[in-house]
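Quick caveat: nothing in here was measured; it's all calculated off a predicted structure.
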Amino acid sequence: MELTIEQYLIPNCSLIIDELNIAYKNCSADEMKKVADKSFSETDMMMRVGYPFKNMARYTTKTEDSDDSGKTNHDIFIENKRFKIELKYLRSWRTQSGTYSCSKGWKEIQYDFNWLLSEINNDNKGKSAFIIAWFNCVDSFSKIIQLGEGKGGKPLVNESKLCFFPFLIRPQLPTRTADLEYNYEIAYQRLQITPIGYKGKECNCTFVGKESDCFHFAIYY
């Protein structure tokens with residue numbers, strides 16, 4: 001029986017976390033934040049995720065438009081297995097005042113979720129995946145991704161965004177983005193997502209990481 005894409009990615013992402021834990025075990029929280037914001041990039045993560053596939057992996061930058069078939073390129077493409085992987089690396093972005101405190105906008109994340117749900121709906125389940133990767137160096141996941149209803153320091157949670165993150169829990173109601181916490185008890189489990197506004201579409205998610213880990217992944221497939 002042929003392995004599905006998540007059966008390759010989950011153990012690989014676990015090994016990446018082990019590697020980074022060793023590399024940054026003596027870093028303080030502030031030092032880790034600087035590493036996350038300034039030293040790492042999305043390309044760094046792409047290369048780590050694709051490394052086990054060796055020469056089978058093809059990497060694509062955002063400046064490339066399409067492959068020979070006219071289809072949009074993917075961050076990582078494993079041709080012999082027809083695996084397609086999109087990846088987003090989350091970190092804090094530099095503001096006009098020079099501080100690294102601006103979170104990732106939702107538009108790009110939504111685009112990749114739309115792509116994955118379309119792939120699954122077109123019978124490519126088990127062949128396509130969307131990975132979100134980030135350093136565990138901020139006190140709230142909402143500081144590196146916009147999950148609120150609107151702008152402001154502590155907006156209320158947007159339900160249509162939150163449903164994509166089943167590993168987050170609400171400690172209270174109403175819930176503001178800064179209130180959200182990780183539910184580490186469900187790490188490494190297959191979680192089903194039925195997103196709001198996507199009639200008849202669903203996907204699975206596996207959250208990879210422990211509270212003591214310096215890095216986390218969310219793998220959608």
Novice: Quick one: does I17's side chain get under 4.5 Å of F217's, heavy atoms only?
Specialist: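 I17 vs F217: side chains touch.
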
Novice: Report the C-alpha separation of S118 and N121 in whole Å, then their side-chain angles, then the decisive distance to 0.1 Å, and conclude whether the side chain to side chain donor-acceptor pair (under 3.5 Å) test is met.
Specialist: CA-CA 5 Å; S118 178; N121 201 50; over 6 Å; no

Novice: Charged N to carboxylate O under 4.0 angstrom, D112 versus K88?
Specialist: yes

Novice: Going through the distances and angles, do R48 and L20 end up as a side-chain contact (heavy atoms from CB on, under 4.5 Å)?
Specialist: CA-CA 11 Å; R48 280 173 165 80; L20 295 176; 4.3 Å; yes

Novice: Would you confirm whether S128, through its side chain, and L116, through its main-chain N or O, come within 3.5 Å as a donor-acceptor pair?
Specialist: no

Novice: Quick one: do the K143 and S92 side chains pair a donor with an acceptor below 3.5 Å?
Specialist: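 Distance-only check fails for K143 and S92.
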
Novice: Do R190 and E6 sit within salt-bridge range, that is, some charged N less than 4.0 Å from a carboxylate O?
Specialist: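 Yes, R190 and E6 are salt-bridged.
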
Novice: Using only heavy-atom distances, determine whether the side chains of N21 and D213 contain a donor-acceptor pair under 3.5 Å.
Specialist: yes

Novice: For the side chain of R176 and the backbone of K154, is there at least one donor-acceptor N/O pair under 3.5 Å apart?
Specialist: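 Side chain of R176 to backbone of K154, a donor-acceptor pair under 3.5 Å: yes, one is there.
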
Novice: Less than 4.0 angstrom from a charged side-chain N to a carboxylate O is my criterion; do D30 and K34 meet it?
Specialist: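 Looking at D30 and K34, the cut-off is not met.
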
Novice: Is any side-chain heavy atom of F77 less than 4.5 Å from a side-chain heavy atom of R82?
Specialist: yes

Novice: State whether E119 and K125 are salt-bridged, where the test is any N-O pair (Lys NZ or Arg NE/NH1/NH2 against Asp/Glu carboxylate O) under 4.0 Å.
Specialist: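 Salt bridge: no.
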
Novice: Do T4 side-chain atoms and G126 backbone N/O form a donor-acceptor pair below 3.5 Å?
Specialist: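 Not at all, since once roles are kept as given, no pair shorter than 3.5 Å links the two residues.
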
Novice: Assess whether a salt bridge exists between E185 and K210, defined as any Lys/Arg side-chain N lying under 4.0 Å from an Asp/Glu carboxylate O.
Specialist: no

Novice: For the backbone of Y89 and the side chain of E42, can you confirm whether one donor and one acceptor N or O come within less than 3.5 Å of each other?
Specialist: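 Looks like yes, one N/O pair under 3.5 Å.
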
Novice: Suppose we call two aromatic rings close when their centres sit under 6.0 Å apart. Are Y51 and F53 close by that rule?
Specialist: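 Judged by ring-centre distance (under 6.0 Å), Y51 and F53 do not meet the cut-off.
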
Novice: To the nearest 0.5 Å, what is the distance between CG on N136 and CD on E211?
Specialist: 8.0 Å

Novice: Under the ring-ring contact (aromatic ring centres under 6.0 Å, His included) test, which residues partner F83, sequence neighbours left out?
Specialist: Y8

Novice: Do F141 and W134 have ring centroids that are under 6.0 Å from one another?
Specialist: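 Yes, they do, as the ring centres are separated by less than 6.0 Å.
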
Novice: Less than 4.5 Å apart, any side-chain heavy atom of L168 and any of L147?
Specialist: yes

Novice: Sequence neighbours excluded, which residues qualify as ring-ring contact (aromatic ring centres under 6.0 Å, His included) partners of Y184?
Specialist: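 With sequence neighbours excluded, Y184 shows a ring-ring contact (aromatic ring centres under 6.0 Å, His included) to Y182, F207, H216, given in chain and number order.
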
Novice: Are side-chain heavy atoms of D75 and Y59 found at a separation under 4.5 Å?
Specialist: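 They are not in side-chain contact.
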
Novice: Quick one: do E2 and K127 make a salt bridge, cutoff under 4.0 Å?
Specialist: yes

Novice: If you apply the rule side-chain contact (heavy atoms from CB on, under 4.5 Å), what do you find for E202 with Q192, and how did you get there?
Specialist: CA-CA 7 Å; E202 61 183 30; Q192 185 171 307; 3.0 Å; yes

Novice: Within a reach of under 6.0 Å around CD of E149, are more than 12 heavy atoms found that belong to other residues, nucleotides or ligands?
Specialist: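 Yes, because the 6.0 Å sphere around CD of E149 holds more than 12 heavy atoms from other groups.
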
Novice: Find the distance between CD1 (I193) and CZ (F164) and round it off to the nearest 0.5 Å.
Specialist: 7.0 Å

Novice: Is there side-chain contact between R91 and F135, with at least one heavy-atom pair below 4.5 Å?
Specialist: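 Answer no - side chains too far apart.
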
Novice: State which residue, out of F130, Y198, Y221, fulfils the ring-ring contact (aromatic ring centres under 6.0 Å, His included) condition with F113.
Specialist: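 When F130, Y198, Y221 are each tested with F113, the ring-ring contact (aromatic ring centres under 6.0 Å, His included) holds only for F130.
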
Novice: At what distance, to the nearest 0.5 angstrom, does CD1 of I219 lie from SG of C203?
Specialist: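 Rounded to the nearest 0.5 Å, the CD1-SG separation comes to 12.5 Å.
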
Novice: If you define the side chain from C-beta out and look only at heavy atoms, does anything of Y220 sit under 4.5 Å from I132?
Specialist: yes

Novice: Verify side-chain contact (heavy atoms from CB on, under 4.5 Å) between I16 and N12, making sure each step is shown before the conclusion.
Specialist: CA-CA 6 Å; I16 294 171; N12 182 29; 4.1 Å; yes

Novice: Quick one: are R170 and L173 in side-chain contact, heavy atoms under 4.5 Å?
Specialist: yes

Novice: If you measure from CE on M32 to CZ on F215, what distance do you get to the nearest 0.5 Å?
Specialist: 10.5 Å

Novice: So, do K84 and N124 sit near enough that their side-chain heavy atoms are less than 4.5 Å apart?
Specialist: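 They are in contact (side-chain heavy atoms under 4.5 Å apart), so the answer is yes.
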
Novice: Please test L87 against V49 for side-chain contact (heavy atoms from CB on, under 4.5 Å), starting from the C-alpha separation and ending with a verdict.
Specialist: CA-CA 9 Å; L87 184 144; V49 170; 3.7 Å; yes

